[in-house]
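The block underneath contains the structure these notes are about, expressed in C-alpha cells.
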Amino acid sequence: MSVNMEEGRVVMSSSSEYTQDGSVDLKGNPVLKSKRGRWKACSFVVVYEIFERMAYYGISSNLILYLTKKLHQGTVTASNNVTNWVGTIWITPIFGAYIADAHLGRYWTFLVASIIYLLARRMCVETSRRACWSHAWSPPGVDGRLLGVRPIHRAWGEGPPGLGKGMSVLILSVSLPSLKPPQCHEADVTKCQKASTLHLAVFYGALYTLALGTGGTKPNISTIGADQFDDFDPKEKSHKLSFFNWWMFSIFIGTLFANTVLVYIQDNVGWTLGYGLPTLGLALSIMIFFAGTPFYRHKLPSGSPFTRMAKVIVASIRKWNVIVPSDPKDLYELDLEEYAKNAKVRIDSTPTLRFLNKACVNTGSSHNAWMLCPVTQVEETKQMLRMIPILVSTFVPSTMVAQINTLFVKQGTTLDRAIGRSFSIPPASLGAFVTLSMLICVVIYDRFFVKIMQKLTHNPRGITLLQRMGIGLVIHIVIMVIAFLTERYRLSVAKEHGLVQNGGQVPLSIFILLPQFVLMGTADAFLEVAKIEFFYDQAPESMKSLGTSYSMTSLGIGNFLSTFVLSTVSHITKEHSSEHKGWILNNLNASHLDYYYALLAVLNFLNLIFFLVVVKFYVYRAEVSDSIKHLTEELKEKKAVVSNQVIPRD
C-alpha cells in the first residue's frame with residue numbers, strides 16, 4: 001500500500017500481491033505474499049522450537065534430582081534453586097523484547113542473542129579450562145590410559161565444532177569428579193559432603209549463561225512466527241488463529257522427548273550423555289531457524305515501547321489539572337496520512353483510563369513529546385496497562401506449573417517405580433504425561449471444540465481467550481485438590497508400613513501421581529495456549545514483542561513466587577511446630593506436603609475470584625483486520641472534501 005500527496009489530494013493504491021501489515025524483507029523492501037511468510041516460513045520456526053524445548057527440558061525436568069543426589073542439597077533448597085533458575089529463564093525475555101521493539105527488530109535481536117550466547121559460553125569454558133587440563137579423567141567405560149590430558153580437554157572442554165560452550169561447562173560439571181562432591185549413599189543427603197564454592201560456581205555459571213541467552217531468543221521466536229501471517233488478509237488471519245495452538249504443540253513434542261528419552265538416559269546411563277544430547281539439540285535448533293531466513297517476513301522496530309508509554313504517563317501527570325474535552329475529536333492526533341504511509345493502525349480514543357487522555361489535550365503551550373502525545377500513543381499505553389491485572393492473575397497458576405519439576409518429582413522418588421522386572425521409570429518421566437495430555441487436548445480443542453462452539457457463540461475462536469484462560473484456572477484448583485488427596489493417602493500408607501522415620505520407599509505405584517500430571521497438561525491446553533495468544537493478540541501492533549514477553553514474565557514471576565511461598569511455609573511451620581519439623585522436610589514421609597498442596601488449592605481459588613473480577617472490567621482491543629480498509633475509506637472521504645473545496649489563488 002502506498003499513499004501519495006499530489007496538490008493537496010490523497011492518492012492511495014494497494015496490491016493484493018504484497019503484504020499490507022508493513023512487513024518487509026531483511027533489506028527493508030515490501031514482500032510478496034507468495035514468496036515469504038505463511039506456513040512455509042512458520043515450519044522452520046516450529047521445528048526450531050521442538051529442538052530448543054528438548055534442550056531446555058532436558059536440563060530442567062531432572063534438575064532437582066541432580067541437585068539432591070549429586071550436589072547433596074535438601075528438598076527446599078534444591079526446589080528453590082530450580083525455581084530461581086527457571087524464573088530467570090522466563091524473566092530475561094522482557095529485556096530481549098525491549099531491544100527487539102525499540103532497536104534491532106525481532107530477527108536481528110535473535111541473531112545477536114545467539115552470538116552472545118555462544119561467545120558467553122566460550123568465555124565460560126575458559127574459566128574451567130584449568131580443571132580440564134589438571135584432571136586426566138575419562139568417561140565411564142573408557143580406559144583413561146588411552147586418553148591423554150589434551151585429548152580429554154578437547155573432547156569435553158571444547159565439544160564438537162560449532163556447539164555452544166555453556167552446555168560444555170555443564171557437561172564438565174556433571175562429568176569431572178573434581179567439579180562435584182564425592183558420591184554419597186546416605187538416606188539424608190544433608191549429612192553428605194556439601195558442594196564447594198567452585199562446584200556451585202561452575203554448575204550455576206553454566207545454567208545462568210543459558211538463561212542469559214534465552215533472553216534475546218525466547219520473546220522473539222513466537223512473535224516471528226505470528227508475524228508470518230498478515231492481519232489485513234482475512235485468510236491469513238484465520239490461519240494465525242491456529243498458529244499458537246500448533247506452536248504449543250511443537251513445544252510439547254520437544255518436551256515429550258526430553259521427559260522420556262533424555263530423563264531415562266540421565267537416570268540410567270549417565271549425566272554426561274544426558275546433558276550432551278540437549279547440547280546437540282540446541283545447536284540444531286539454531287541452525288534450523290537460520291535455514292529459514294529467505295522465507296521470513298520481518299517487522300521494523302517502532303521505537304522503545306517503554307519510552308512511548310513513559311511519555312504518556314509523564315504528560316498526563318504534568319497536566320493533571322487539565323480538563324479533558326468531551327468530544328474526542330478535540331484531542332491531539334496525527335494526520336491519517338502519517339499512519340497510512342507507514343501501514344500503522346490509528347486507534348480511536350476510548351473512555352477507559354480517562355486520566356491518561358490528559359496527555360493528548362493540546363494546551364498550546366508546548367508540543368514537546370513529554371507534554372503532548374497523539375491519541376493512538378495514549379491508547380497503546382492504555383492497552384498495555386489494561387493487560388497488567390490479567391498478567392497478575394496468571395502468577396499463581398504459574399506457581400503450580402513450577403511444582404511439576406520440583407515437588408511432584410520428589411514425590412515420585414518415594415514410590416515404587418518398577419515396571420516389570422527390569423525397568424524402572426524415572427520420576428521426572430511422569431512429566432511426559434503432561435505433554436501427552438496437552439497434545440491430545442490441543443488437537444481436540446482446535447479440531448472439534450472450536451468448531452462446535454463457533455456454531456453456538458459465532459466467535460471465530462469458539463470462546464474468548466479470557467474464557468479459555470478461566471477454564472484453565474478452574475482445572476488448576478482441581479489439580480491441587482487431587483494432589484492433596486493423593487499425598488494424604490501416600491502418607492497414610494507410609495505410616496501403616498512404618499516408613500515415616502526411615503524414609504523408605506512406599507509400597508504404592510508411582511502412577512498414583514498420574515492424575516495430577518494429566519490434568520496439568522489439560523490445564524496447559526487451556527491456560528498456557530490462551531495466555532500466549534492473548535498477550536500477543538491484545539498488545540498494540542508496535543508492541544507485540546513486549547506483549548509476548550508478558551506471558552513469559554508470568555512464568556518467571558510464578559517460579560520466583562514458588563520459591564517465596566515454599567521458603568516462607570517451610571520457615572513458618574518449623575518455627576511453630578512443637579518438634580520444629582515443619583511441613584517440607586528432606587524425608588517426605590515425615591513431611592506434610594498434603595497441607596502444602598491444600599494451601600496452594602486455596603491460593604488458586606482466591607486467584608480465580610480475582611481473575612473473574614478483573615475480566616468483568618476488561619475491555620478487548622478492537623480488531624484491526626479491517627483497519628486498512630477503513631483507513632482507505634476515510635482518506636477517500638478526505639480526498640473528496642479537498643477536491644470540492646475552492647482554493648483561492650494569488
Side-chain angles (χ1 to χ4, degrees), residues 53-75 77-79 81-82 85-86 139-142 156 167 170-177 179-189 192 195 199 203 206-207 254-282 403-436 503-514 516-517 586 588:
R53 289 294 84 190
M54 182 196 76
Y56 167 69
Y57 283 103
I59 298 171
S60 64
S61 297
N62 227 9
L63 184 56
I64 188 170
L65 294 189
Y66 185 84
L67 293 177
T68 53
K69 291 183 177 181
K70 300 299 181 180
L71 297 187
H72 308 150
Q73 296 181 354
T75 299
T77 300
S79 296
N81 283 331
V82 171
W85 177 67
V86 174
V142 178
W156 300 99
M167 290 293 293
L170 201 58
I171 295 172
L172 283 173
S173 66
V174 302
S175 303
L176 295 179
L179 294 180
K180 56 185 176 182
Q183 194 170 6
C184 177
H185 299 286
E186 289 282 349
D188 184 357
V189 295
C192 299
H199 300 156
F203 186 75
L207 285 181
T255 307
L256 181 62
F257 182 84
N259 286 335
T260 52
V261 178
L262 292 182
V263 164
Y264 178 81
I265 290 173
Q266 290 166 359
D267 276 16
N268 296 279
V269 180
W271 291 92
T272 303
L273 181 60
Y275 278 174
L277 289 178
T279 301
L280 179 62
L282 192 62
Q403 309 312 308
I404 297 174
N405 294 331
T406 53
L407 296 180
F408 284 8
V409 174
K410 282 293 291 182
Q411 274 182 287
T413 62
T414 69
L415 298 168
D416 181 10
R417 298 180 282 125
I419 298 179
R421 295 183 177 181
S422 59
F423 184 79
S424 180
I425 182 172
S429 286
L430 285 187
F433 290 97
V434 177
T435 304
L436 291 172
Q505 186 180 86
V506 180
L508 289 173
S509 171
I510 191 173
F511 290 108
I512 67 167
L513 301 178
L514 199 57
Q516 60 204 55
F517 281 91
N586 298 323
L588 291 190

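For reference, positions follow the sequence shown, starting with 1.
For Thr68 (side chain) and Leu65 (main-chain N/O), a donor-acceptor pair under 3.5 Å exists by modelled atom type. Side chain of Ser424 to main chain of Ala418: no donor-acceptor pair is present (N/O by atom type, distance under 3.5 Å, no hydrogens or angles). A donor-acceptor contact shorter than 3.5 Å is absent between the side chain of Asp416 and the backbone of Pro507.
Shortest non-hydrogen contact noted between Tyr56 and Val86 is OH-CG1, 3.3 Å. Pairing each heavy atom of Gln266 with each of Gly58, the nearest pair is NE2-O, 2.5 Å.
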Is there a side-chain contact (heavy atoms from CB on, under 4.5 Å) between Ile59 and Leu207 once you walk through the steps? CA-CA 9 Å; Ile59 298 171; Leu207 285 181; 3.8 Å; yes

Give the C-alpha distance, both sets of side-chain angles, the deciding distance and a yes or no for side-chain contact (heavy atoms from CB on, under 4.5 Å) between Phe203 and Leu71. CA-CA 10 Å; Phe203 186 75; Leu71 297 187; 4.0 Å; yes

Going through the distances and angles, do Leu407 and Thr75 end up as a side-chain contact (heavy atoms from CB on, under 4.5 Å)? CA-CA 8 Å; Leu407 296 180; Thr75 299; 4.1 Å; yes

Just do the side-chain contact (heavy atoms from CB on, under 4.5 Å) check on Val434 and Asn259 with the steps written out, would you? CA-CA 10 Å; Val434 177; Asn259 286 335; 6.0 Å; no

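No side-chain heavy atom of Pro427 sits under 4.5 Å from any side-chain heavy atom of Leu513. Taking the side chain as every heavy atom from C-beta outward, Pro426 and Asn268 approach each other to under 4.5 Å. With a 4.5 Å cut-off on side-chain heavy atoms, Leu508 and Thr414 do not count as touching.
For Arg53, the salt bridge (charged side-chain N to carboxylate O under 4.0 Å, His left out) partners at least two apart in sequence or on another chain are Glu49.
Atom CG of residue Leu273 and atom CD1 of residue Ile265 lie 5.0 Å apart, to the nearest 0.5 angstrom. Distance check: Leu67 CG to Thr406 OG1 gives 11.5 Å after rounding to the nearest 0.5 Å. Rounding to the nearest 0.5 Å gives a distance of 13.5 Å between NE2 of His199 and NZ of Lys70. Here the CG atom belonging to Leu415 is positioned 11.5 Å from the CD1 atom belonging to Ile425, to the nearest 0.5 angstrom. The structure places CG of Leu262 at 11.5 Å from CG of Asp267, a figure rounded to the nearest 0.5 Å. Between atom OG1 of residue Thr435 and atom CZ of residue Phe517 there is a gap of 10.5 Å, rounded to the nearest 0.5 Å.
Using cut-offs of 30° and 60° on the angle between ring planes, the pair Phe433 and Phe511 is perpendicular.
Among Asn405, Thr413, Val409, the one residue that satisfies the side chain to side chain contact (heavy atoms under 4.5 Å, CB included) test with Ile64 is Val409.
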